[in-house]
Amino acid sequence: MDERYVPEAVEAKWQKKWDEDGVFKVNMDPGKEKYYLLEMFPYPSGNIHMGHVRNYSIGDVVARYKKMRGFNVLHPMGWDAFGMPAENAAIANKSHPAKWTYANIDTMRQQLKRLGFSYDWDREIATCTPDYYRWEQWLFIKMFERGMAYRKESFVNWCEPCQTVLANEQVENDCCWRCGNNVRQKKLHQWFFRITDYAEDLLVHCDQLPGWPEKVTTMQKNWIGKSIGSEACFAVENSDKIISVFTTRPDTIFGATFMCLAPEHPLVEELSKGRLEEAAVKAFVEKISMQDRSSKAIESYEKEGVFLGVYCINPLTSARIPVYTANFALMEYGTGAVMSVPAHDQRDFDFAKKYDLPVIVVVKPMDSDLDGATMTCAYADSGVMVNSGQFDGLDNREAMLKITDYLQSKNLGRRTVSFRLRDWGISRQRYWGAPIPMIHCDSCGAVPVKVEDLPIVLPEDADLLASGGSPLNHLDYFKRATCPSCGNPDARRDTDTMDTFVESSWYYARYCCPDYDKGMLDPEAVKYWMPVDQYIGGVEHAILHLLYSRYFTRVMKDVGVLEIKEPFKRLLTQGMVNKATIKCSEHGFIFPTDVVDTDQGPTCGLCGLPVEIGRVIKMSKSKKNVVDPNELLDRYGADTTRLFCLFAAPPEKGLDWSDEGVDGSFRFLSRVWRLIKANESALEASKPYDGSIDSLEGKTRELFAKTHFTIKKVTGDIEDDFHFNTAISAVMELVNVMHTLSYEDMDEVRDRVFRLSVESMVLLLSPFVPHFAEEVWAMLGHTKSILCEAWPVHSEDALVQNDMVIVIQVNGKLRGKFTIAADSDDETIKQRALEDELVKKFIEDKPIRKVIVVKKKLVNIVI
RNA sequence: GCCGAAGUGGUGGAAUUGGUAGACACGCUAGACUUAGGAUCUAGUACCGUGAGGUGUGGAGGUUCAAGUCCUCUCUUCGGUACCA
């Protein structure tokens, strides 16, 4: 056998063996405790990138570790296969999205297999197969029947020249990314899921997910955004119309000096009609409809609006206040109307200054006065009520309740709750998605397809470039349908497809029973396997995907196919893998390796132009900065690649990718390899030491203690917070100790302790570098796969220390240290510290004010 | 804008959660050795200073015997922002 470590042969050999022995296949086993480990499935974009390698390496460590701990581990993999990039690629390559997608899946599956992950490939799912999405269509019908899915009008980004709907990502500075023309908002009938019905439940349970990172539940809570407040009615002057507003500050209604309606608010057109202002209002609404409608864009525009020409009446002061339409009022939040109180809201204040509207103070600080005319910013804190009639003098928080009660008694308002969360719009005017199983009939309205007619299979021959919205809309044979309710032969099939987030909202449950054909989920299988014990994926999914999945689990429970309502018991959010790039005016983002240092500073290696300092950006296909792991795999093999990914940083941290240091991981494995090769005969001849630490001394004792310490450290790092980087460095330290020992003459006891250390070390390493570990395990004479071995257990006795090192500080600064028996009392330690020569030098003749002794750590002398 | 994070040597990171800042690696420097390899081994490596010593965890304050860790303010970067997945 080769004396050097050559990964290629080793890895191929073990992958083949695992495959032949079917070691990763799992079945329900009621006698065994289950562990469901899931990593977020990838979108088949073409190639695995380092983000995937990192994510799946993390998961594989946990899966293999849990298996060694005796759990029945479910560890599946699949493909989030519907989506926009497939359509874009198909258009660019004049190909078909399915062809592109399946080819990518094949490539990526090969790459994952090459990395040696412990997946049960028999459970592989691709969401674009009718066997998968038929159950999604089935669920849609159940949801429709229960009123959980409904249709309403809402807006999409529309590019007139391209005659197509654009995703937010495809809109750049209000313009189409292809043709550059201005995008406008177009109103369409679309399907929505009533996620807001579950807002309260989703919110409450955020506090009952102890296995989730707090930052994620915090983000979800803020996203759901529950506000307790009041609804108040403002009558429109000379009209029977009422403008209803939601406010969290009913205490400030006396200070409301104008009203703002969202540009889409139905009253905007109605109230301005036939007035002098009509044209200006129309122009404003038109202008807004040409802007990006994403909330990030809306919030970044400068606040502006126009007067509608009408006034409404403040229900408390009876004052006439002007009605505006403004770009910061959102139709989706509250009632789409904002009562503006410039004295106590900064946004309203800015708007009032811009349009010269009055500022009336109604809440003032305890100890000072405010003047609306001279204020420079809004006062949003609590205080005492003023200018508020009978409520003057009250604490404003008390006034909130009293004013709401007063409005309610006059029938002008009520207490209410508002959520920031909006219903989930799932209609997409795209081809590559699951068809919505609905039929539109002139006499019956929207009617679901009969369940026995499912799946509604996505036709293969749609024209992706056909103008006018959904590609399926142009397929006459697909579109034509008979009404399932009345038999009308002229009904029309819904030609939109579902948001791809729908597929990823329930795939985790389907892995329990991927081939089940009697229903969406096999009740027995989901009862055994669900919930997912550990879910692992990128932080970028902290809100949407994870919230939708929590929602869908509740829906599946209410529909009766699941018994639980939280899908993921523990969650690990992995930091993103980014790539530092450098911007060249000619070549866009380039890699640092393409930069050449010259006397004039850094220049682009491709064109010689000077380049901007590097910036870290998210890896994405569109930015062409994806790091391809193939090169690493060719050069170092799977184990080194995996080891380095895990060693480079703790999983939750973002990682700015750099290959620097991969050599170190390879060298470490080679070092372990050599260690075993160099001591082959000693290892062969001995059994692992099974005695206690008491009969050991010197270096042997040290190694024994270090081994047990390492077992404890690695186990803790995996169990507690997945800090694999420190787990690996602990094993490296152990190997360093073994190396110094292995150069010495060995006796029988040493050989046995050495063998114990080597075996423990290989077992600890096996989840990280499984091929390497299998090979070494076999070299040590074992015939069973290392996966079937038990995880090592440390002994506390081995960790007891006789001595301890105490640090001496003078005024908090390190001045010396000494070693003393571990059972010394505080007084002994203190005296020993004060006698220290170095310390005496620092104390000189200054009086000692205080001496602090910290158990087993340090003495601080304050002078 | 809003919500959530993160800032520690030349680099990735560590620090028993308020108690020795820089573990483990990468890189670099010097040396040794050899069957010249993807070598390996030994020593050194935060900064300033010849030295005693001093300074150091994005920045500015504060609490404490003691702060990378706690508090206040601030800067920068990253993620999400509902049709990218």
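Each chain gets a letter, A, B and so on, in the order the sequences are listed, and its residues count up from 1.
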Peer 1: Consider the side chain of L655(A), meaning its heavy atoms from C-beta on, and name the nucleotide among A66(B), U20(B), G13(B) that approaches it most closely.
Peer 2: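 Nearest nucleotide to the side chain: G13(B).
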Peer 1: How far does the P atom of A14(B) sit from the matching atom of U8(B), given to the nearest Å?
Peer 2: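 To the nearest whole Å, 11 Å.
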Peer 1: Quick one: K653(A) NZ to A15(B) C1', roughly how many Å, whole number?
Peer 2: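 The distance from NZ of K653(A) to C1' of A15(B) comes to 14 Å, rounded to the nearest Å.
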Peer 1: In whole Å, what separates the P atom of C2(B) from that of U11(B)?
Peer 2: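 Nearest-Å result for C2(B) against U11(B) at atom P: 32 Å.
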Peer 1: For atom C1', what is the distance between G22(B) and G56(B), given to the nearest Å?
Peer 2: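 Per the computed distance, 11 Å lies between those C1' atoms.
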Peer 1: Using Watson-Crick or G-U wobble geometry with both distances under 3.5 Å, which nucleotide pairs with A23(B)?
Peer 2: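 For A23(B), the partner nucleotide comes out as none, under the 3.5 Å rule.
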Peer 1: Does A23(B) have OP1 or OP2 under 4.0 Å away from a side-chain N or O of S729(A)?
Peer 2: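 No.
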Peer 1: Report yes if the distance between the aromatic ring centroids of F552(A) and W506(A) is under 6.0 Å, otherwise no.
Peer 2: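 So the answer is no for these two rings.
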Peer 1: Check the distance between G19(B)'s P and I806(A)'s CD1 and give it to me in whole angstrom.
Peer 2: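 From I806(A) CD1 to G19(B) P: 15 Å.
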Peer 1: Take atom CE of M576(A) and atom P of C84(B), then tell me their distance rounded to the nearest Å.
Peer 2: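 Interatomic distance, CE of M576(A) to P of C84(B): 15 Å.
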Peer 1: Are F644(A) and F666(A) close enough that their ring centres sit under 6.0 Å apart?
Peer 2: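 Here the rings of F666(A) and F644(A) have centres that are no less than 6.0 Å from each other.
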Peer 1: So, OP1 or OP2 of C78(B): does either fall under 4.0 Å of a side-chain N or O from N578(A)?
Peer 2: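 The answer is no; no side-chain N or O of N578(A) sits under 4.0 Å from OP1 or OP2.
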Peer 1: Starting at NE2 of H541(A) and ending at C1' of U81(B), how long is that distance when rounded to a whole Å?
Peer 2: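 Between C1' of U81(B) and NE2 of H541(A): 15 Å.
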Peer 1: Which nucleotide wins on minimum distance to the side chain of A167(A), given the candidates G19(B), C83(B), G4(B)?
Peer 2: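 Per side-chain heavy atoms of A167(A), the pick is C83(B).
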Peer 1: Side-chain N or O of R428(A) less than 4.0 angstrom from OP1 or OP2 on C83(B)?
Peer 2: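 Checking C83(B) against R428(A), a side-chain N or O does come within under 4.0 Å of OP1 or OP2.
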Peer 1: Which whole-number value in Å describes the distance from N725(A) CG to A15(B) C1'?
Peer 2: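 Value for this atom pair: 12 Å.
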Peer 1: With rounding to the closest Å, how many angstrom separate the C1' atoms on A21(B) and A67(B)?
Peer 2: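 Rounded to whole Å, the distance is 11 Å.
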Peer 1: Identify the nucleotide, in any strand shown, that forms a Watson-Crick or G-U wobble pair with C41(B), with both distances under 3.5 Å; if there is none, say none.
Peer 2: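 Pair assignment: C41(B) / G31(B).
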Peer 1: What is the base-pairing partner of A82(B), counting Watson-Crick and G-U wobble geometry with both distances under 3.5 Å?
Peer 2: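 Across any shown strand, A82(B) pairs with none.
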Peer 1: Please verify the inter-ring angle class for Y56(A) with H52(A); under 30° counts as parallel, over 60° as perpendicular, anything in between as tilted.
Peer 2: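 Parallel: the ring planes of Y56(A) and H52(A) meet at under 30°.
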Peer 1: Name the closest nucleotide to the F647(A) side chain, picking from G27(B), A25(B), G79(B).
Peer 2: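 Ranking G27(B), A25(B), G79(B) by closest atom to the F647(A) side chain puts A25(B) first.
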Peer 1: Is the number of heavy atoms from other residues, nucleotides or ligands under 6.0 Å of E332(A) CD greater than 12?
Peer 2: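 Yes.
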Peer 1: Rounding to an integer number of angstrom, what distance separates C73(B) and C65(B) when you compare their C1' atoms?
Peer 2: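 Straight-line distance between the two C1' atoms is 27 Å.
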Peer 1: Got a donor-acceptor pair under 3.5 Å from the side chain of N168(A) to the base of C83(B)?
Peer 2: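 It does not, because no donor-acceptor pair links the side chain of N168(A) to the base of C83(B) below 3.5 Å.
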Peer 1: When you measure only distances, ignoring hydrogens and angles, does the side chain of Q190(A) come within 3.5 Å of the base of C83(B) through a donor and an acceptor?
Peer 2: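 When only heavy-atom distances are counted, Q190(A) does reach the base of C83(B) through a donor-acceptor pair under 3.5 Å.
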Peer 1: Just the rounded figure in Å: distance from P of C78(B) to CD1 of I543(A).
Peer 2: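 For the pair I543(A) CD1 and C78(B) P, the rounded distance is 18 Å.
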Peer 1: Taking the nucleotide of RNA chain B with the closest heavy atom to each, which residue, D499(A) or E660(A), is nearer the 5' end?
Peer 2: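 It is E660(A) whose nearest nucleotide is closer to the 5' end.
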Peer 1: Quick check on A25(B): is either OP1 or OP2 less than 4.0 Å from any side-chain nitrogen or oxygen of N736(A)?
Peer 2: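 So the side-chain polar atoms of N736(A) do come within 4.0 Å of the phosphate oxygens OP1 or OP2 of A25(B), strictly under.
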Peer 1: If the plane angle is over 60° it's perpendicular, under 30° parallel, otherwise tilted; pick one for W432(A) and F82(A).
Peer 2: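 Because their plane-to-plane angle is over 60°, the rings of W432(A) and F82(A) count as perpendicular.
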Peer 1: If C70(B) has a Watson-Crick or G-U wobble mate with both distances under 3.5 Å, name it; if not, just say none.
Peer 2: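 Check on C70(B): paired to G62(B), both distances under 3.5 Å.
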Peer 1: Once you round it to whole Å, what is the distance between P of U16(B) and NZ of K712(A)?
Peer 2: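 For the pair K712(A) NZ and U16(B) P, the rounded distance is 14 Å.
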Peer 1: Mark yes or no for a side-chain to base donor-acceptor pair under 3.5 Å between R849(A) and C65(B), with no hydrogen or angle criteria applied.
Peer 2: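 No, the side chain and the base share no sub-3.5 Å donor-acceptor pair.
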Peer 1: Is U57(B) in the syn or the anti form, by the rule that syn lies within 90° of 0?
Peer 2: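 It is anti.
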Peer 1: Is the phosphate of C3(B), meaning OP1 or OP2, less than 4.0 Å from a side-chain N or O of R420(A)?
Peer 2: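 Indeed not, no polar side-chain atom of R420(A) lies that close.
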Peer 1: If the cut-off is 4.0 Å, is R4(A) near the phosphate of U40(B), judged by side-chain N/O to OP1 or OP2?
Peer 2: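 Checking R4(A) against U40(B): no side-chain N or O falls below 4.0 Å of OP1 or OP2.
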Peer 1: Taking the nucleotide of RNA chain B with the closest heavy atom to each, which residue, I852(A) or M732(A), is nearer the 5' end?
Peer 2: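 The residue closer to the strand's 5' end, by nearest nucleotide, is M732(A).
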Peer 1: Mind checking the P distance from C24(B) to G44(B)? Whole angstroms is fine.
Peer 2: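 Per the computed distance, 12 Å lies between those P atoms.
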Peer 1: Does OP1 or OP2 of A25(B) have a side-chain N or O of R671(A) closer than 4.0 Å?
Peer 2: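 No.
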Peer 1: Parallel under 30°, tilted from 30 to 60°, perpendicular over 60°: which one fits the rings of F724(A) and F768(A)?
Peer 2: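 Taking F768(A) first and then F724(A), their aromatic rings stand perpendicular (interplane angle over 60°).
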Peer 1: With the 90 degree cut-off around zero defining syn, does G9(B) come out syn or anti?
Peer 2: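 With its glycosidic angle within 90° of zero, G9(B) counts as syn.
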Peer 1: Is any N or O donor-acceptor pair between the side chain of Q429(A) and the base of C83(B) shorter than 3.5 Å?
Peer 2: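 Flag set: donor-acceptor pair detected.
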Peer 1: Mind checking the C1' distance from G58(B) to G51(B)? Whole angstroms is fine.
Peer 2: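 About 32 Å, rounded to a whole number of Å.
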Peer 1: If the C1' atom of A36(B) is compared with that of G27(B), how far apart are they to the nearest Å?
Peer 2: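 Here A36(B) and G27(B) have their C1' atoms 23 Å from each other.
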Peer 1: Can you check whether T500(A) has a side-chain N or O nearer than 4.0 Å to OP1 or OP2 of A85(B)?
Peer 2: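 Affirmative; the distance criterion is met.
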Peer 1: Can you classify the ring geometry of Y535(A) versus H545(A) as parallel (below 30°), tilted (30 to 60°) or perpendicular (above 60°)?
Peer 2: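 Rings of Y535(A) and H545(A): tilted, 30 to 60°.
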Peer 1: Please report the distance, rounded to the nearest Å, between NZ in K221(A) and C1' in C2(B).
Peer 2: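 Computing the K221(A):NZ to C2(B):C1' distance gives 18 Å.
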Peer 1: Using the side-chain heavy atoms of L421(A), tell me which of these nucleotides is nearest: U20(B), A82(B), G19(B).
Peer 2: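 So the side chain of L421(A) is nearest to A82(B).
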Peer 1: Classify the angle between the aromatic ring planes of Y548(A) and W424(A) as parallel (below 30°), tilted (30 to 60°) or perpendicular (above 60°).
Peer 2: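 Taking W424(A) first and then Y548(A), their aromatic rings lie parallel (interplane angle under 30°).
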Peer 1: Look through every strand shown and name the nucleotide pairing with U16(B) as Watson-Crick or G-U wobble, where both distances are under 3.5 Å.
Peer 2: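 Here U16(B) is not engaged in any pair, so there is no nucleotide opposite it.
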Peer 1: Only pairs with both distances under 3.5 Å count, Watson-Crick or wobble alike; so what is the partner of A46(B) in this structure?
Peer 2: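 Here A46(B) is engaged in a pair, and the nucleotide opposite it is U55(B).
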Peer 1: Can you tell me the pairing partner of G7(B) across any strand shown, Watson-Crick or G-U wobble, with both distances under 3.5 angstrom?
Peer 2: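 C75(B) is the nucleotide pairing with G7(B).
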Peer 1: Check the angle between the aromatic planes of F328(A) and F351(A) and answer parallel, tilted or perpendicular using the 30° and 60° thresholds.
Peer 2: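 F328(A) vs F351(A) ring planes: perpendicular.
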Peer 1: Does G4(B) have OP1 or OP2 under 4.0 Å away from a side-chain N or O of N222(A)?
Peer 2: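 So the side-chain polar atoms of N222(A) do come within 4.0 Å of the phosphate oxygens OP1 or OP2 of G4(B), strictly under.
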